[in-house]
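For reference, the structure discussed in these notes is given below.
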Amino acid sequence: MTVTTSTAYSRDLGDELRRLRQRFTGLRGRAMALQLGWDPSKVSNLEHGKIRGSDIDLAQYLTVCGKDIDYFEDFLRRYHNAFDPYLAQTPDTTRTLAMTESTATGITAYDVLTVNSLLQTPDYARALQAATGQAAEDLDRQAVMRRPNGPRCVFYLHELALRMRLGGKQVMEEQYVWLLANSAVIRVVPEEAATAAFQSACTLFEFEKAPPLVYAESGLAKVFAQGEAAVERGRTLFDLLDEVALDEAQTRRKLAEYRGPTPLRALAQ
């Protein structure tokens with residue numbers, strides 16, 4: 001067992017262990033520790049991704065959960081890189097991102113050509129999928145925005161994303177209305193801010209008891225970067241965006257311009 005800095009992926013895999021314990025043993029953490037002959041804190045820390053379990057630790061844990069050698073070898077393969085400060089996942093992998101969003105205390109995002117997935121309407125998300133051929137976003141992740149104790153959020157959105165028409169007029173009008181309803185957490189980066197247009201879309205996640213990380217994605221990979229240099233570059237980008245973005249009132253006026261003068265049916269969601 002090695003104490004180390006947790007990562008988004010170590011917390012994800014630790015939570016996988018917790019779910020296996022609950023599903024296949026019915027044991028609480030303390031009872032699981034007793035079964036394994038461990039201190040209860042070891043089970044807790046392993047399931048929270050705070051410590052790197054040894055191969056023997058994982059074999060013992062998964063055996064109690066009734067998992068076979070094939071499951072163990074697959075888990076061990078994934079666990080090998082769980083604590084790396086830089087992690088790339090396939091584009092269709094969503095669990096690590098969803099868990100990162102659900103545990104973050106702060107989310108600061110920048111999007112250039114499309115609306116952030118946490119702010120997309122279902123029709124917009126489907127139109128984006130049709131245009132890109134990529135897997136549809138899991139909009140259940142948006143529940144994090146509705147939690148009473150949800151994260152502090154700021155979404156920087158370049159005006160190019162507002163001009164990018166997806167799915168026709170009705171789809172875009174509904175998306176504009178939804179953005180207006182959430183304008184308190186949105187800051188539009190105006191089209192004339194050319195320097196910002198050449199910056200890459202990314203998200204900075206901050207946590208109460210874990211290091212911050214920067215997340216970026218493309219059609220090739222989802223990347224989680226927890227290295228100090230990457231996080232510092234992310235903070236520098238958001239400092240730049242803060243200088244050039246419209247304020248809340250200006251953002252709301254800009255969104256209203258795109259919605260147009262004809263009110264659309266209010267979104268009940």
Side-chain angles (χ1 to χ4, degrees), residues 8 85-86 88 97-98 100-121 124-125 128 132 134 137 141-142 144-145 150-166 172 175-208 210-259:
Y86 293 85
L97 174 59
T100 299
E101 291 168 339
S102 68
T103 57
T105 56
I107 300 176
T108 308
Y110 177 47
D111 293 271
V112 185
L113 296 178
T114 60
V115 173
N116 190 279
S117 57
L118 292 178
L119 295 172
Q120 292 175 6
T121 64
Y124 181 96
L128 180 59
T132 62
Q134 297 178 18
E137 293 284 356
R141 291 171 25 228
Q142 295 182 354
V144 69
M145 300 286 293
R152 303 178 307 276
C153 295
V154 180
F155 296 93
Y156 291 94
L157 183 64
H158 200 282
E159 193 172 353
L160 288 172
L162 301 177
R163 298 176 66 86
M164 189 70 66
R165 299 283 174 159
L166 292 170
M172 291 306 301
Q175 183 62 70
Y176 296 146
V177 169
W178 188 240
L179 291 175
L180 270 167
N182 291 276
S183 60
V185 296
I186 298 170
R187 293 189 62 189
V188 169
V189 179
E191 190 173 19
E192 55 267 25
T195 302
F198 291 100
Q199 302 296 322
S200 298
C202 72
T203 303
L204 173 66
F205 291 104
E206 296 174 284
F207 309 91
E208 183 178 0
L213 66 87
V214 174
Y215 168 81
E217 65 180 64
S218 70
L220 299 176
K222 296 178 185 290
V223 178
F224 297 81
Q226 197 165 297
E228 290 184 8
V231 172
E232 184 58 32
R233 284 194 294 269
R235 293 193 189 281
T236 299
L237 169 62
F238 289 117
D239 286 342
L240 166 67
L241 295 174
D242 189 58
E243 293 179 1
V244 300
L246 304 179
D247 62 25
E248 182 179 340
Q250 293 169 330
T251 289
R252 187 169 180 83
R253 286 196 293 271
K254 179 63 70 174
L255 292 172
E257 289 176 15
Y258 279 91
R259 185 196 64 180

(Q) Distance check, rounded to the nearest 0.5 Å: Tyr86 atom OH versus Leu213 atom CG? (A) 11.0 Å
Q: Run the numbers on Leu118 and Arg141 for side-chain contact (heavy atoms from CB on, under 4.5 Å), then give the verdict.
A: CA-CA 7 Å; Leu118 292 178; Arg141 291 171 25 228; 4.2 Å; yes
**Q.** Inter-residue atom distance Leu113.CG - Leu162.CG, 0.5 Å rounding
**A.** 11.5 Å
(Q) As a quick check of understanding, evaluate side-chain contact (heavy atoms from CB on, under 4.5 Å) for Leu204 and Glu206, giving each step before the final call. (A) CA-CA 7 Å; Leu204 173 66; Glu206 296 174 284; 4.3 Å; yes
Q) Any salt bridge between Glu232 and Arg235, counting N to O under 4.0 Å? A) no
Q) Can you name the ring-ring contact (aromatic ring centres under 6.0 Å, His included) partners of Tyr215, sequence neighbours left out? A) Phe224
(Q) Would the distance check show the side chain of Glu208 and the main-chain N or O of Thr105 forming a donor-acceptor pair, the cut-off being under 3.5 Å? (A) no
Q.
One pair to check against side-chain contact (heavy atoms from CB on, under 4.5 Å): Gln199 and Val112. What are the steps and the verdict?
A. CA-CA 8 Å; Gln199 302 296 322; Val112 185; 5.8 Å; no
Q.
Between Tyr156 (side chain only) and Thr108 (backbone N and O only), is there a donor and an acceptor less than 3.5 Å apart?
A. no
Q: Supply the atom-to-atom distance Arg259 CZ to Leu179 CG, rounded to the nearest 0.5 angstrom.
A: 12.0 Å
Q: Please examine the side chains of Ser200 and Cys202, heavy atoms only from C-beta on, and report whether any two atoms are closer than 4.5 Å.
A: no
**Q.** Flag, side chain of Gln120 to backbone of Leu128, donor-acceptor distance under 3.5 Å
**A.** no
Q: Report yes or no: does Gln226 contribute a side-chain atom to a donor-acceptor pair with the main-chain N or O of Pro85 at less than 3.5 Å?
A: no
Q: Spell out, as yes or no, whether a donor-acceptor pair under 3.5 Å connects the side chain of Gln250 to the backbone of Asp247.
A: yes
Q.
If the condition is ring-ring contact (aromatic ring centres under 6.0 Å, His included), which residues does Tyr258 pass it with, not counting sequence neighbours?
A. Tyr176
Q) Quick one: CG on Leu180 to CG on Leu255, what's the gap to the nearest 0.5 Å? A) 5.0 Å
**Q.** Side chains of Leu97 and Glu101 in contact at under 4.5 Å (non-hydrogen atoms)
**A.** yes
Q: Using a strict 4.0 Å threshold on nitrogen-to-oxygen distance, state whether Arg187 and Glu248 make a salt bridge.
A: no
Q: Check for a donor-acceptor pair, side chain of Tyr124 on one end and backbone N or O of Val115 on the other, with a separation under 3.5 Å.
A: yes
